[in-house]
Amino acid sequence: MIPPADMVLFATVVREESFTRAALKLGITKQTISERIRHLEERLGVRLLERTTRRLRVTGAGVTYSERCAAIAALIDEANSEVQQGQADPTGLIRVSSPVTYGRHYLTPVISTFLARYPQVQVELVLADRRVHLIEEGLDVAIHIGPLNDSSLVARKLGEGAVRFVASPRFLAKHGTPDARELRSARCIGFSPFETWEAEGVKSRIDPVLIVNDSELACEAAIAGVGIARVPDILSQEAVRGGKLKVLFGPKPAMLRAIHVVYPSRLNLPNKVRLFVDALATLAEPEPRSVRKRR
């Protein structure tokens with residue numbers, strides 16, 4: 001087997017177009033390079049270089065072989081760089097954006113574990129229920145829930161969050177349990193004056209009796225008996241288990257929303273950011289904190 005080091009050496013000679021310059025680049029003597037190239041040609045049984053007193057000429061076989069050797073050299077450099085980055089302790093600030101509910105209920109244990117493992121890193125968590133602009137706002141990564149609409153970003157899926165219709169037992173005892181066709185006339189808690197909800201394949205335009213701008217408020221209002229709410233499992237599961245809320249319209253979620261971590265580019269990605277993304281990617285689908293504590 002031909003040593004990869006000799007293949008890298010040959011690629012360097014071709015790139016530098018000189019034994020002398022290659023020797024300086026590799027930190028060895030010109031004579032050593034000449035001997036190793038000769039041994040390489042002998043083992044391959046083919047002439048790679050034509051030597052004259054003034055210059056080197058790469059043969060046809062040498063051109064093809066040098067391209068392969070250059071690719072191998074690049075892979076070796078990449079592997080070495082990756083290992084070196086992996087061994088280096090990350091330092092500095094990571095700016096992270098997340099929707100409010102997800103950040104409050106799901107990111108705290110992840111960030112806590114990450115900071116304990118890498119004490120020289122700082123994390124700034126920005127909670128915002130809006131589409132953020134990573135580069136313009138100086139953010140390193142962002143949690144994105146729902147469809148992705150920016151193809152310039154690198155996205156890594158973390159899981160899916162279920163959203164269900166819920167109402168309190170007190171509300172249902174007073175107003176009855178509606179079927180999907182009756183949702184249009186039911187008392188509902190929404191996020192805008194007019195919304196379209198879909199249950200069991202039936203689409204209904206609703207006029208909420210209460211309009212809020214926060215999912216946690218919607219869940220709390222449902223528990224208080226105000227009406228039917230459409231909220232993420234991450235907020236309602238504990239109340240459902242405790243009998244404070246009931247799931248309506250069967251076990252199938254009203255919708256599933258994809259959860260991704262997004263960042264600008266894989267190219268020259270800082271080690272601290274890569275490690276943080278890896279930490280996020282070890283998570284399963286969102287669960288309330290109380291569920292994780294009981295495990």
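By convention here, the first residue in the shown sequence is residue 1.
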Exercise. Restricting to pairs with a member in residues 163-177, which pass salt bridge (Lys or Arg N to Asp or Glu O under 4.0 Å), not counting sequence neighbours?
Worked result: R164-D233

Seminar exercise, completed: Residue pairs meeting salt bridge (Lys or Arg N to Asp or Glu O under 4.0 Å), one or both in residues 199-221, sequence neighbours left out, come to R104-E216

Exercise. In chain order, what residues pass the salt bridge (Lys or Arg N to Asp or Glu O under 4.0 Å) check against R15, with sequence neighbours excluded?
Worked result: none

Who clusters with [X]? Use side-chain heavy atoms, under 4.5 angstrom, across I, L, V, M, F, W and Y, and order the result by chain and number.
{"X": "L26", "result": "I2, M7, V8, L9, F10, V13, V14, F19, I28, I33, I37, L40, L44, V46, L48, L49, L56, V58, V63, Y65, I72, I76"}
{"X": "F249", "result": "F165, F171, L172, L183, W197, I206, I228, L248"}
{"X": "M255", "result": "V163"}

Identify, with sequence neighbours excluded, every residue that meets side-chain contact (heavy atoms from CB on, under 4.5 Å) alongside [X].
{"X": "V277", "answer": "V141, R156, V261, Y263, V273"}
{"X": "P169", "answer": "K246"}
{"X": "L210", "answer": "I189, V212, A221, V226"}
{"X": "T20", "answer": "S18, K30"}

For this session: Just jot down the side chain to side chain donor-acceptor pair (under 3.5 Å) partners of R95, sequence neighbours excluded, or say none.
Result: E124

Exercise. Considering residues at least two apart in sequence or located in another chain, which fulfil the side chain to side chain donor-acceptor pair (under 3.5 Å) criterion with E42?
Worked result: R38

